[in-house]
Amino acid sequence: MLQRLRHAEIMRRVRLSGATSVSDLASQLGVSPSTIRRDLEVLDRDGTLRRVRGGALLLEGGLLDSGVSVDADADRPFAEVAEVDEQDKEAVAVRAAELVRDGDVVLLDIGTTTMRLARRLRGRRVTVVTSSLAVLDVLRSDPEVELLLLGGALRRPYHSLVGVLTEAALSQVVADRVFLGASGLRPDGQLVDTTLAEVPLKRAMIAAAGQVVLLVDRHKFPGTGALRVCGPDDIDVIVTNQGADEATLRNCAAAGAEILLT
């Protein structure tokens, strides 16, 4: 592939996800990691993106100095993402709902799978804390569920609230468990994400919960993402589908995670 075509494709992928890694780009474009590193250095010097260790972040029009993503997912809006791998996501949500007991305080991360989990919690006597507007839409009219919405800056394409206000609100929360989503789970058990604004929120949710339950359908192995959320030793339970990468699951189990397959 010609250099100018590679650069255009790199930028398309960075704009789509907000961030990407050298290894992902090398695999996707069929070139060596050293070639991708040189490409990223050129694009960084041009002011097109921000070169970081292991990958690149969207710069112009994509990230503010505050670290809040601005329409990083504009090419794949929430409604479109919700329709991808629907059966696998639904199976994960159904199994995850079985972990919730009446009276629980649960944190629901953003994402299309946690939205499906919220549907399974309708009519339950639980407290749900979330920064997801999709979860709000599902539960707002349910008189049984006590719903606490975390404030913050609106991230429109992905129906979520982000930023320092959301993080500050999370510091006041004590939850029984958090149901966490992510862009990918690496073979060594590292949980990764693509969007800079969401990573500190996920970390704050982990800190606020007694149990961390990861909801990842089988397509999230290894998934995408250049930004580390946490290691396998921070995860208590992984809910995923049959067919998820067995080596990754073994590594996570060795670190102490319980694996629940649907």
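This one's a predicted model, so the numbers in the text were calculated from it and none came from an experiment.
- Under the 4.5 Å side-chain heavy-atom criterion for grouping Ile, Leu, Val, Met, Phe, Trp and Tyr, Leu214 is not connected to Val94 through any hydrophobic cluster.
- The side-chain contact (heavy atoms from CB on, under 4.5 Å) test with Val213 singles out one residue from Val106, Val237, Leu107, Ile238, and that residue is Val237.
- For the residue pair Thr113 and Glu90, no side-chain donor N or O sits within less than 3.5 Å of a side-chain acceptor on the partner.
- Look at Arg50 and Asp44 and you find no salt bridge, because none of the NZ, NE, NH1 or NH2 atoms lies under 4.0 Å from a carboxylate O.
- A distance-only check finds a donor-acceptor pair linking the side chain of Asp193 to the backbone of Ser183 [under 3.5 Å].
- The two atoms that bring Thr114 and Val135 nearest to each other are O-CG2, 4.1 Å, heavy atoms only.
- Counting heavy atoms from C-beta outward, Leu148 and Thr127 have side chains that approach closer than 4.5 Å.
- Residue pairs meeting the side chain to side chain donor-acceptor pair (under 3.5 Å) criterion with at least one partner in residues 249-262, sequence neighbours excluded, are Asn241-Thr262.
- Here Leu121 contributes atom CG and Arg119 contributes atom CZ; the two are 12.0 Å apart, rounded to the nearest 0.5 Å.
- A side-chain N or O of Thr112 and one of Lys89 form a donor-acceptor pair less than 3.5 Å apart.
- For the residue pair Gly189 and Leu185, the shortest heavy atom distance occurs at O-CD1, 3.6 Å.
- At a threshold of 4.0 Å, the pair Arg155-Glu198 counts as salt-bridged, since one of the basic side-chain nitrogens sits closer than that to a carboxylate oxygen.
- Remark: Ile235 CD1 to Gln190 CD distance equals 8.5 Å, nearest 0.5 Å.
- Atom NE2 of residue His219 and atom CG of residue Asp217 lie 5.5 Å apart, to the nearest 0.5 angstrom.
- Linking ILVMFWY side-chain heavy atoms closer than 4.5 Å, directly or via other members, places Val52 and Val192 in two distinct hydrophobic clusters.
- Not counting sequence neighbours, Asp188 has no partner by the salt bridge (charged side-chain N to carboxylate O under 4.0 Å, His left out) test.
- Here the closest heavy-atom approach between residue Leu25 and residue Leu40 is recorded as CD1-CD2, 4.2 Å.
- Between Arg51 and Val22, the closest side-chain pair of non-hydrogen atoms falls below 4.5 Å.
- Under the 4.5 Å side-chain criterion, counting only non-hydrogen atoms from C-beta, Thr130 is in contact with Leu149.
- Side-chain contact between Phe179 and Val212 is absent, with no heavy-atom pair separated by less than 4.5 Å.
- Smallest separation of non-hydrogen atoms from Val126 and Arg101: CG1-O, 3.6 Å.
- For Ser21, the side chain to side chain contact (heavy atoms under 4.5 Å, CB included) partners two or more places apart in sequence, or in a different chain, are Ser23, Asp24, Arg186, Ala226.
- Among pairs with a residue in residues 142-151, none fulfils salt bridge (Lys or Arg N to Asp or Glu O under 4.0 Å), at least two apart in sequence or across chains.
- Within the structure, no pair that satisfies the salt bridge (Lys or Arg N to Asp or Glu O under 4.0 Å) test touches residues 225-242, not counting sequence neighbours.
- The side-chain hydrogen bond (donor to acceptor under 3.5 Å, both in side chains) test applied to Ser34 returns Ser32, not counting sequence neighbours.
- Side chains of Ile10 and Leu29 form a contact here, defined as non-hydrogen atoms less than 4.5 Å apart.
- For Asp39, the side-chain hydrogen bond (donor to acceptor under 3.5 Å, both in side chains) test picks out Arg6, His7, with sequence neighbours left out.
- In this structure a side-chain-to-backbone donor-acceptor pair under 3.5 Å is present from Lys202 to Gly181.
- In this structure Ala204 satisfies the side chain to side chain contact (heavy atoms under 4.5 Å, CB included) test together with Leu170, sequence neighbours excluded.
- Counting only distance, with no hydrogens or angles, the side chain of Ser160 and the backbone of Ser132 share no donor-acceptor pair below 3.5 Å.
- Leu136 and Leu165 are members of different hydrophobic clusters when ILVMFWY side chains are connected at heavy-atom separations under 4.5 Å.
- Nearest approach of Val138 to Met115, heavy atoms of both residues: CG2-CG, 4.0 Å.
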(message) I'd like to know whether Glu167 forms a salt bridge (charged side-chain N to carboxylate O under 4.0 Å, His left out) with Arg203, so could you lay out the CA-CA distance, the side-chain angles of the two residues, the decisive distance to 0.1 Å, and finally the verdict.
(response) CA-CA 9 Å; Glu167 294 170 49; Arg203 292 174 180 166; over 6 Å; no
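- For the side-chain contact (heavy atoms from CB on, under 4.5 Å) with Met205, the lone residue among Leu108, Val129, Val178, Val173 that qualifies is Val178.
- Residues satisfying the side chain to side chain contact (heavy atoms under 4.5 Å, CB included) criterion with Thr166, sequence neighbours excluded, are Ser131, Leu150, Leu161, Leu201.
- Atoms CG and CZ, from Leu133 and Arg140 in turn, are 8.5 Å apart once rounded to the nearest 0.5 Å.
- Residues Leu139 and Ala118 share a closest heavy-atom pair of CD2-O, 3.4 Å.
- With sequence neighbours left out, the side-chain hydrogen bond (donor to acceptor under 3.5 Å, both in side chains) criterion links Arg124 to Asp102.
- Within 6.0 Å of the CD atom in Glu246, the count of heavy atoms belonging to other residues, nucleotides or ligands does not exceed 12.
- Legend: residues meeting side-chain hydrogen bond (donor to acceptor under 3.5 Å, both in side chains) with Gln242, ordered by chain and number and at least two apart, are absent.
- None of Ile110, Leu215, Ile206 except one satisfies the side-chain contact (heavy atoms from CB on, under 4.5 Å) rule with Leu180; the exception is Ile206.
- Residues that satisfy the side chain to side chain contact (heavy atoms under 4.5 Å, CB included) test with Ala93, not counting sequence neighbours, are Arg116, Leu117.
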